[in-house]
Amino acid sequence: MYTKTIKQLSALLQARDISASELASLYLARIKQSDLNAYIDVNEELTLQQAKAADDRLASGTATALTGIPIAHKDIFVTRGWRSTAGSKMLENYVSPFDATVVARFNSAGTVTLGKVNCDEFAMGSSNENSYFGAVKNPWDKTAIPGGSSGGSAAAVAGRLAPGATATDTGGSIRQPAAMCGVTGIKPTYGRVSRFGMIAFASSLDQGGPMARTAEDCGLLLNAMTGFDERDSTSIDRPTEDFTRDLGKPLAGLRIGVPREYFGEGLAADVEQAVRAALKEYEKLGATLVDISLPKTELSIPVYYVIAPAEASSNLSRFDGVRYGHRAKDYKDLADMYCKTRAEGFGDEVKRRILVGAYVLSHGYYDAYYLQAQKIRRLIAQDFQNAFQSCDVIMGPVAPTVAWDLGAKADDPVANYLADIFTLSTSLAGLPGMSIPCGFGQGDKNGKRPVGLQIIGNYFDEARLLNVAHQFQLATDWHQRAPDSV
Ligand code: GLN
């Protein structure tokens with residue numbers, strides 16, 4: 001049963017071939033046995049309560065396509081009942097009095113929460129090793145990172161510990177872990193998914209989205225996640241859409257832009273081979289490849305690592321020992337309490353970003369760094385608009401390498417930052433981007449580590465992206481492969 005997709009589970013639930021309670025129990029048992037460290041907080045009683053309510057709803061005929069579907073929530077979305085830690089000691093025992101809009105939307109669709117999944121602290125990272133709750137293991141190879149920051153979401157889906165999960169992407173955190181764990185993920189257009197109750201990292205970049213094994217399942221989850229929310233000032237006021245509406249459209253005539261800059265130096269041979277084979281498959285499906293250029297790609301790293309820390313330093317000022325979470329035990333006065341609380345509560349990467357952020361926003365440096373970065377951000381967005389003159393979607397690798405070994409880059413923040421090269425510019429531009437499994441590489445070892453194909457679309461083109469991914473998944477079986485450990 002745990003190998004079934006959300007779409008298949010939905011049919012079984014509606015036909016009453018399995019109950020939501022049975023399904024939830026089955027997953028809870030798998031989670032208990034797992035050694036991946038994907039889950040931070042599990043609450044069986046609450047899960048089974050939700051499952052029971054879903055069963056009542058299924059019996060009464062008021063079910064939605066997602067009623068009774070078990071899902072995991074990235075521990076960056078606040079939840080009533082489960083702890084909401086953002087992977088930080090600062091919020092180790094924090095229980096939110098309200099649900100994030102995303103969580104509330106899923107609850108009203110009738111999904112069953114399996115628990116909260118691990119992530120890098122405040123979503124800062126590319127390997128999930130920055131979590132206060134420890135690293136997550138990649139189900140394909142337990143000596144490898146799962147990617148980050150949504151490493152728990154990706155590992156849970158790949159390890160069949162949930163058929164779907166929520167995640168967030170600020171600079172690649174949905175696409176990169178999805179790629180490294182061999183699952184499907186989509187970061188929607190900025191503003192599609194409410195940020196209300198999504199613990200903030202960099203507000204102008206943060207965007208929630210789903211992970212699942214197939215594009216079709218991602219579409220079903222996205223249907224529940226999106227929609228205008230007046231409690232998020234950057235929520236986009238557009239009518240709700242059925243993101244699965246285009247599934248089934250043939251790809252004949254589709255123009256795929258292939259950015260030169262995504263295939264240059266630094267791209268590992270095993271990743272390039274898998275991505276090029278996927279592009280060939282698209283040609284067989286009737287698409288044509290168009291050579292394009294995104295000339296500012298390289299600048300996305302310095303630009304992102306100015307803007308994201310700037311916003312983070314401001315967002316994280318709220319963790320002061322007064323309002324939420326951790327407070328130091330011994331202190332002399334108020335200032336000392338702030339200092340000790342923050343010194344104890346935050347991990348190294350978070351502190352590094354607060355320092356960088358405060359620096360680039362400070363008087364005298366603001367124009368040189370922050371303002372300059374904002375200007376280049378605009379040019380990066382313009383690069384994409386120029387490219388979309390000659391293509392409908394853009395494809396390339398998600399990351400320059402497959403998952404690296406746990407610990408291999410743990411002491412080298414810059415090496416981690418460089419691994420974001422192909423995902424940051426999409427985030428800076430606010431565009432939707434997907435990752436789908438397209439093969440395997442070996443990394444440095446004789447391993448078997450998944451490769452992801454990135455598909456980038458223009459604003460609000462999620463329905464097309466999902467179909468472009470879906471057609472590939474109808475023609476290939478990469479997304480159906482399961483790790484040996486499952
Ligand atoms: N790896 C990037 C960072 O560390 C992106 C993280 C994210 O998207 N949340 O900031």
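Start at 1 and go down the list; that is how both ligands and their atoms are numbered.
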State the atoms of ligand 1, each with its element, that fall below the 4.0 Å cut-off from a heavy-atom position in [X].
X: Ser149; result: 9 (N)
X: Gly171; result: 5 (C), 7 (C), 8 (O)
X: Ala123; result: 6 (C), 7 (C), 9 (N)

Practice task
Please confirm whether Met124 comes within less than 3.5 Å of ligand 1 when only nitrogen or oxygen atoms on both sides are compared.
Solution key: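 In this structure, Met124 places no N or O atom under 3.5 Å from an N or O of ligand 1.
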Practice task
Please say whether Gly148 places an N or O atom under 3.5 Å from an N or O atom belonging to ligand 1.
Solution key: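 No; the residue has no nitrogen or oxygen that sits under 3.5 Å from a nitrogen or oxygen of the ligand.
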Exercise for the section: Let me know which of Leu465, Val468, Val398, Ile456 forms a side-chain contact (heavy atoms from CB on, under 4.5 Å) with Met434. Expected result: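 It is Leu465; the other options fail the test.
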Above 12 or not: heavy atoms from other molecules or residues under 6.0 Å from [atom1] of [X]?
X: Tyr459; atom1: OH; value: yes
X: Lys7; atom1: NZ; value: no
X: Arg378; atom1: CZ; value: no
X: Asp348; atom1: CG; value: no
X: Phe98; atom1: CZ; value: yes

Is it the side chain, the backbone, both or neither of [X] that has a heavy atom closer than 4.0 Å to ligand 1?
X: Tyr305; value: side chain
X: Thr170; value: both
X: Phe201; value: side chain

Handout entry: Closest approach of any protein heavy atom to atom 2 (C) of ligand 1, naming residue and atom
Key = Asp420 OD2, 3.2 Å
Problem - Closest protein heavy atom to atom 7 (C) of ligand 1, given as residue, atom name and distance to 0.1 Å - result: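 Of every protein heavy atom, Ser173 OG, 2.4 Å lies nearest to atom 7 (C) of ligand 1.
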Problem - Lys409 to Trp404 six-membered ring, cation-pi geometry met (6.0 Å, 45°) - result: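 Because its charged atom sits under 6.0 Å from the ring centre and within 45° of the axis, Lys409 does stack over Trp404.
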Handout entry: Row check, Tyr305 ring normal vs Arg353 NZ/CZ: under 6.0 Å, within 45°
Key = no
Practice task
Can you measure from NE2 (His73) to OG1 (Thr113) and round to the nearest 0.5 angstrom?
Solution key: 4.0 Å
Exercise for the section: Determine whether any heavy atom of Tyr304 lies closer than 4.0 Å to an atom of ligand 1. Expected result: yes
Practice task
Decide whether the shortest distance between a heavy atom of Ala308 and an atom of ligand 1 is less than 4.0 Å.
Solution key: no
Exercise for the section: Have a look at Lys74, Arg353, Glu349 and point out the one with the heavy atom closest to atom 4 (O) of ligand 1. Expected result: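 Looking at heavy atoms only, Arg353 sits closest to atom 4 (O) of ligand 1.
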